[in-house]
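Okay, structure first, notes after.
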Amino acid sequence: MSPVSVLPPTFEQHHDGFGVHCPRPRISWRFSCSNGKVRNWKQTAYDIEIASDNGEPSQVFNVDGSNSVLVPWPSPESLSPRARRLVRVRCHGQYTNSDQRAEVSVTEWSPLSLLEISLLNNRDWTGRMITVSEPWPLNSDQSARPLSFHKSFDVPLDWSVISKARLYITSHGVYSAQINGKKIGDHCLSPGWQSYHKRLHYQIYDVKHLLATSGSNRIAVEVAAGWFASAWTWARRRFVYGQKLGVLAQLEIWVADSPTPWIMSTDNTWNASTGAILSSEIYDGEIYDQRLNTSTRPGDVVCFATQESPIPVSRLISPDAPPVRVVDRIEPRDLFKSRSGNAVIVDFGQNFAGRVCVRRVKKSSGSSITFRHAEVIHDGEIVRSPLRTAKATDVLISDGHEILDWHPNYTFHGFRFVEITGWSPDDLDCPLTKSSIVAEVLQTDMPRTGWFSCSDKDVNQLHENSLWSMKSNFLSVPTECPSRDERMGWTGDANLFTPTANFLYDTAGMLRHWLDDLYLDQMEESTYWRQGVVPLFVPNCLLRKHDNGHGWDPMPNAVWGDAAVMVPWELYCTSGDVGFLSRQYDSMVQYLEHGVVRGEDGLWDPDQWQFGDWLDPRAPQNDSGRGTTDGTFVADCFLVASTWIVAEVARLLAKLTESARFRQVHLRLVQSWRRKYLSAAGFVVPDTVAALSLALWFDLIPDSGDGWLRRQAVSRLSRIVRLNDFTITAGFVGTAFLPRALTQYGNVDLAYAMLFQKRCPSYLYPVTMGATTTWERWDSMLTDGSINPGSMTSFNHHALGSIAHWLHADVGGLKPIEPGWKVFKVKPRPNIELRWAETIFESKYGRIELKWTLERERFRVTLRVPPNSTAVISMPGDGEVDERRVGSGQYVLECDFEQTNWPPKAMLPPWGRAEF
């Protein structure tokens, strides 16, 4: 029996193989090995078996080679829409046994994976997007009232021979579907948020088990505003994507051996009606009136005829990204009366994105319960000012009957605390208790891939804060916050956080589709848009045409615009999928050639306003772009870096002429940068932490001669860090690169000193103030517990959580060498303040586990390398010539470690920190 087993294969970057939008999907598989004595297992060949579900003989394809990631579809056959296949893999390999002898082995067949192809083209749909024939019904605040579209139907087939039933469905808005009163699937807020006029996600559900075997069936699809029509952005513009919501559905029922299905689709024979949800919007929340439940009060229903929607349906896509789901449930930590005594406050102990679920309540008819959400409390009351115009309020109105497991369906909130009025622990009948409610966490349901922990509880909490802010903000699209009147896909935040995100979760499917929208919005054909400019947020929902001329014009901007280059590059580095580069290559080129406003030197035009090192702690409170590091300097550093990446991407795509051209441009830009920002005395101007970190990390300072210029920059950076007593003096751009630059150039002790600093502004200051997520500002909460009065004060922003990338790569010691982690670096950077640190990563080859311990100046590493991959190990004190290259297996290595320069000294005045 082989010591190595193969896990179920996967397809493309798809989350489960059900509804893959590709006729020739690439196949990947991972390995597992529980025998610690087996080392250096390498795949030499593989067999792929492909079987259909119609009884036809399976096919087995034998291929020589070591590739196990994104292997081309082996069959000459391209799969048609709806095709189903069962796929499994067997691998041939060789390894070294405990006696150091070479062995060969053949694994057992992997478990079967189901592959089902989606509808690949709009022409595969027989149905039409339908809406109501009259204007969409509005509430008094002009919000769209949710409606239910429904139809009864009989299945004219012999139930005993039905083989499968599929519902293909999407909407303009967000929907929830039922067949015969039973909810279809566990998705939330589908179809999610996209650039609706350019592409539209749809979902596929197996519904055979919901159909009645005899008599009539009834399908109902409730549609609410969602991102399509809610009051959006701080401009509070409704119906950004169209004045009418709608639904497109296609039910297909297949009989065994039949070449075609029975189909029932949306058309004008469907009806629409009101229901118990009076209103529901993303920012403001949901109002549910149990008295209008159609099952108990059918006389109060308002009915509407339907018609084909006048809003064109864009390209229909079955997404690789997993859906939004309830991924966790959190019990209340505390329940207490507000200081005023007018309400009850529930503390869930964790800031997150999601909703409250009422497990059980019973109130008199007409009674209402109001749930107001907030991230923080102060002086015994919830604080709502950080939400700005977002109401974040849900209302439940009772009809006198018991209510079980109620939650809002079409909204979400960013919160830790909920203020409840109309329901109290003092109620005689069904009082409010901790067991009455639970919080449901909503997130795009990506597989978790990365973990980090260490011996310091505050550092662990810092990492947890970064993790929870990612969970809160990777909800359909990568947003910047889940709470206030934004929740938009800001490209700069995503750019800086992508390396961290890619380690913590398998983001490939989600970010792939977000990048599709980035390119489509970047190339918007509009009199209001300049093609090539990358939007500041994606989907781009604040064009001038959407707000009667009051939206934003194209604003070329570095860092945010560089997401077009750097996000797909980081995805390639993590996944090894060159497809990310080929899909986004034109977007990269368009950005460099048309999205950058250049001066005569080829760098950014200094008259173009830049966000720069946004949220520098030293910037004016409500003018975060006026930091200590000039925004044009930041922009120029990123432009040079992006140009190098595009040259490398062109080489990887065999576009050699273009690669050579971009390399020449890169060299010219580097020379321009040096003439512009290096003084005659060798100083970098501006002389700030952010500027020096970017200059060093992007390799902009020449290393010619004796390396004096670079050493001086390193010395200046170290001096400024010490001069500021290891507190943070950079915004979220500089902060993302500061610890990495310090570590790369031999000052890891200074990075650790910054990590352990607890004075504001610092990484751990929010932890000392009870933070459970990453804040937008280091001082979002002031030392007295009051809330920063600035207009941008969120308590759940992931951008500053990029410190977790340094924890993974340098404290933990794991980073890829080759794209896709086939070869990876093991180089932990210990510190005597930590007794141990552990890092785990689920790579495309299998699980990597690394733990180091430090005791009595003896450093010990325990490492697990998955089959078919290689680790390059560097212990503390090793030089490059001392690196050890090992194949798969389990290893234990030890060395002496003495830290003599700890703790580093801050440059303080003679009287210390206190001012006179």
From [X] [atom1] over to [Y] [atom2], what is the distance, rounded to the nearest 0.5 angstrom?
X	Y	atom1	atom2	answer
Leu189	Arg325	CG	CZ	13.0 Å
Ile287	Arg145	CD1	CZ	10.5 Å
Gln203	Tyr175	CD	OH	3.5 Å
Asn180	Ser216	CG	OG	8.0 Å
Ser435	Arg359	OG	CZ	7.0 Å
Ile184	Ile179	CD1	CD1	4.0 Å

Could you pull out the closest heavy-atom pair between [X] and [Y], with the gap in Å?
X	Y	result
Val87	Pro9	O-CG, 3.6 Å
Leu79	Ala83	CB-CB, 4.1 Å
Phe304	Val302	CE1-O, 3.5 Å
Arg24	Pro76	NH1-O, 3.3 Å
Ser483	Gly414	CB-O, 3.7 Å
Trp193	Arg487	CZ3-O, 3.6 Å

Counting C-beta onward and ignoring hydrogens, is there a side-chain heavy-atom pair between [X] and [Y] closer than 4.5 Å?
X	Y	result
Phe415	Phe371	no
Phe239	Gln142	no
Leu119	Gln250	yes
Glu402	Cys430	no
His413	Asp394	yes

Checking [X] now: which residues fulfil ring pair (Phe, Tyr, Trp, His ring centres under 6.0 Å) with it, not counting sequence neighbours?
X	answer
His407	none
Phe18	none
Tyr202	Trp125
His201	His513

[X]: which residues meet the side-chain contact (heavy atoms from CB on, under 4.5 Å) condition with it, sequence neighbours left out?
X	result
Thr479	Asn473, Val477
Lys208	Trp159, Ile162, Ala165, Asp206
Ser314	Leu200
Ala439	Ile330, Phe348, Phe352

- Can you name the residues that form a salt bridge (Lys or Arg N to Asp or Glu O under 4.0 Å) with Glu440, not counting sequence neighbours?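 Applying salt bridge (Lys or Arg N to Asp or Glu O under 4.0 Å) to Glu440 gives Arg329, Arg355.
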
- Can you name the residues that form a salt bridge (Lys or Arg N to Asp or Glu O under 4.0 Å) with Arg583, not counting sequence neighbours? Asp516

[X]/[Y] ion pair, N-O < 4.0 Å:
X	Y	result
Arg82	Asp124	no
Glu331	Lys434	no
Arg199	Asp517	yes
Asp427	Lys362	no

Where the side chain of [X] meets the backbone of [Y], is there a donor-acceptor pair that is under 3.5 Å apart?
X	Y	result
Ser58	Glu49	no
Lys363	Gly422	yes
Thr266	Arg128	yes
Ser113	Thr10	no
Ser318	Gly19	yes
Trp514	Val538	yes
His21	Ile317	no
Asn139	Asp141	no

- Message: Applying side-chain contact (heavy atoms from CB on, under 4.5 Å) to His197 and Ile311, what does each step give before you reach the verdict?
- Response: CA-CA 9 Å; His197 294 318; Ile311 302 172; 4.0 Å; yes

- Message: Ring of Phe11, cation from Arg85 - is the NZ or CZ under 6.0 Å from the centre and inside 45° of the axis?
- Response: no

Looking only at side-chain N and O atoms, does [Y] offer a donor or acceptor that is under 3.5 Å from a partner on [X]?
X	Y	result
Ser309	Lys244	no
Ser195	Asp521	yes
Ser265	Thr126	yes

- Please check if the distance between the ring centroids of Tyr196 and Phe228 is under 6.0 Å.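 Yes.
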
- Task: Please lay out, stage by stage, how Arg26 and Asp577 fare under the test salt bridge (charged side-chain N to carboxylate O under 4.0 Å, His left out).
- Result: CA-CA 10 Å; Arg26 296 168 296 174; Asp577 186 356; 2.8 Å; yes

- Within 6.0 Å of NZ in Lys198, more than 12 heavy atoms from elsewhere: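 Atom NZ in Lys198 is packed in, count exceeds 12.
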
- Count the heavy atoms of every other residue, nucleotide or ligand shown that sit under 6.0 Å from CZ of Arg448, and state whether that count exceeds 12. yes

- Query: Do Trp423 and Ser436 pass the side-chain contact (heavy atoms from CB on, under 4.5 Å) test, and can you show the C-alpha distance, the side-chain angles, and the key distance before you say yes or no?
  - Reply: CA-CA 11 Å; Trp423 188 19; Ser436 303; 3.6 Å; yes

- Determine which pairs satisfy salt bridge (charged side-chain N to carboxylate O under 4.0 Å, His left out) with at least one residue from residues 210-223, sequence neighbours left out, and list them in order.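 Sorted pair list comes back empty.
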
- Tell me, which pairs form a salt bridge (charged side-chain N to carboxylate O under 4.0 Å, His left out) where one or both residues lie in residues 265-283, sequence neighbours left out?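 Salt bridge (charged side-chain N to carboxylate O under 4.0 Å, His left out) check on residues 265-283 returns Arg238-Glu281.
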
- Cys188 and Phe412: side-chain contact (heavy atoms from CB on, under 4.5 Å), yes or no, with the steps? CA-CA 10 Å; Cys188 302; Phe412 67 93; over 6 Å; no

- Query: Please walk me through it: do Cys22 and Trp73 pass side-chain contact (heavy atoms from CB on, under 4.5 Å)?
  - Reply: CA-CA 11 Å; Cys22 177; Trp73 182 250; over 6 Å; no

